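Down below is the structure, laid out as structure tokens.
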Amino acid sequence: MAIERTLSIIKPDAVRRNLTGAIVARFESGGLRVAAQKRMRLSLAQAQAFYAVHAARPFFSSLCTFMSSGPVVVQVLEGENAVLRNREIMGATDPAKAAPGTIRKDFAESIEANSVHGSDAADTAAKEISFFFSELEIVG
Ligand code: IDP
Ligand code: MG
């Protein structure tokens with residue numbers, strides 16, 4: 001299997017509730033390694049740029065306001081099939097539909113405030129990682 005990297009964000013709802021350690025533990029026990037990590041607060045413009053692919057969706061404005069409402073933890077996760085593995089550990093977008101034992105099932109507040117972001121494919125992972133990190137900052 002291929003060693004991959006993926007971009008993960010612990011969203012403001014989870015940081016606000018002091019859940020960053022509990023969430024990182026899910027990734028580590030699920031076989032992924034934190035290869036880069038920083039806590040930051042996104043401006044509205046940065047959130048809009050990051051989620052530009054969703055600009056036409058009805059929830060875009062609310063999503064960007066939420067994502068810039070407080071600190072986030074941005075991280076690169078590394079491991080075998082990391083993109084898919086991260087999505088499995090996160091669970092479905094809507095916590096009401098997320099499988100038992102997933103982060104979103106256990107921690108999400110709503111379909112919007114759903115505690116974590118994860119890249120959805122290898123090419124988007126590469127773009128999202130370079131949005132936040134330089135190669136020098138990533139040590140697997
Ligand atoms: P994903 O995070 O599981 O990849 P996407 O469809 O890429 O889901 O949506 C990006 C983010 O937009 C979601 O994580 C969630 O925060 C928000 N979102 C998605 N669908 C809805 C919705 O129907 N209402 C409100 N927010 C939504
Ligand atoms: Mg997505």
Side-chain angles (χ1 to χ4, degrees):
M1 276 192 277
I3 299 294
E4 288 181 338
R5 287 173 175 173
T6 190
L7 193 277
S8 163
I9 304 176
I10 304 177
K11 294 184 177 182
D13 67 289
V15 176
R16 204 174 280 131
R17 287 175 289 148
N18 214 20
L19 292 170
T20 61
I23 288 175
V24 171
R26 298 288 183 103
F27 295 129
E28 291 180 338
S29 64
L32 298 175
R33 173 173 293 273
V34 178
Q37 190 180 60
K38 61 186 168 193
R39 182 176 290 245
M40 59 190 297
R41 175 144 185 188
L42 298 178
S43 67
L44 183 60
Q46 287 169 328
Q48 289 166 338
F50 181 75
Y51 276 118
V53 65
H54 293 310
R57 308 280 287 274
F59 56 79
F60 178 71
S61 171
S62 176
L63 173 64
C64 294
T65 299
F66 161 64
M67 288 300 290
S68 57
S69 68
V72 295
V73 174
V74 184
Q75 51 198 358
V76 177
L77 301 177
E78 186 175 271
E80 285 187 0
N81 294 318
V83 173
L84 182 62
R85 185 75 194 110
N86 181 38
R87 301 283 309 188
E88 289 171 351
I89 296 167
M90 288 163 57
T93 308
D94 181 353
K97 295 178 183 153
T102 61
I103 290 170
R104 283 166 163 172
K105 180 70 171 182
D106 292 345
F107 298 128
E109 292 181 327
S110 67
I111 190 170
E112 177 178 88
N114 59 2
S115 301
V116 279
H117 166 85
S119 308
D120 62 8
D123 58 338
T124 48
K127 276 188 213 142
E128 292 179 358
I129 288 169
S130 64
F131 186 92
F132 288 109
F133 295 100
S134 73
E135 263 308 308
L136 281 174
E137 295 175 304
I138 305 169
V139 186

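Since we're looking at a predicted model, the values are computed, not measured. Counting convention: from 1, in listed order, for ligands and their atoms alike.
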Subject >> Stepwise side chain to side chain donor-acceptor pair (under 3.5 Å) test for Arg85 and Thr6 >> reply: CA-CA 10 Å; Arg85 185 75 194 110; Thr6 190; over 6 Å; no

Atoms in ligand 1 with a heavy atom of [X] nearer than 4.0 Å:
| X | answer |
| --- | --- |
| Lys11 | 13 (C), 14 (O), 15 (C), 16 (O) |
| Leu63 | 11 (C), 12 (O), 16 (O), 17 (C) |
| Asn114 | 13 (C), 14 (O), 15 (C), 16 (O) |
| Arg87 | 1 (P), 3 (O), 4 (O) |

**OP:** Pick one of side chain, backbone, both or neither for how Ile111 approaches ligand 1, counting any non-hydrogen atom pair under 4.0 Å.
**Re:**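 Under 4.0 Å from ligand 1, Ile111 contributes backbone and side-chain atoms.
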
Subject >> Top protein contact for atom 5 (P) of ligand 1, by heavy-atom distance >> reply: His54 NE2, 3.7 Å

Subject >> Heteroatom distance test (Tyr51, ligand 1): nitrogen or oxygen, under 3.5 angstrom >> reply: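 So ligand 1 has no N or O lying under 3.5 Å from an N or O of Tyr51.
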
Original post:
Mind checking whether His117 has an N or O less than 3.5 Å away from an N or O of ligand 1?
Top reply: no

**OP:** May I ask you to decide if the ring planes of Phe50 and His117 are parallel, tilted or perpendicular, using 30° and 60° as cut-offs?
**Re:** perpendicular

Subject >> Spacing of Ile89 atom CD1 and Glu28 atom CD [to the nearest 0.5 Å] >> reply: 10.5 Å

Subject >> Considering all heavy atoms, the nearest Arg39-Pro71 contact >> reply: CG-CB, 4.4 Å

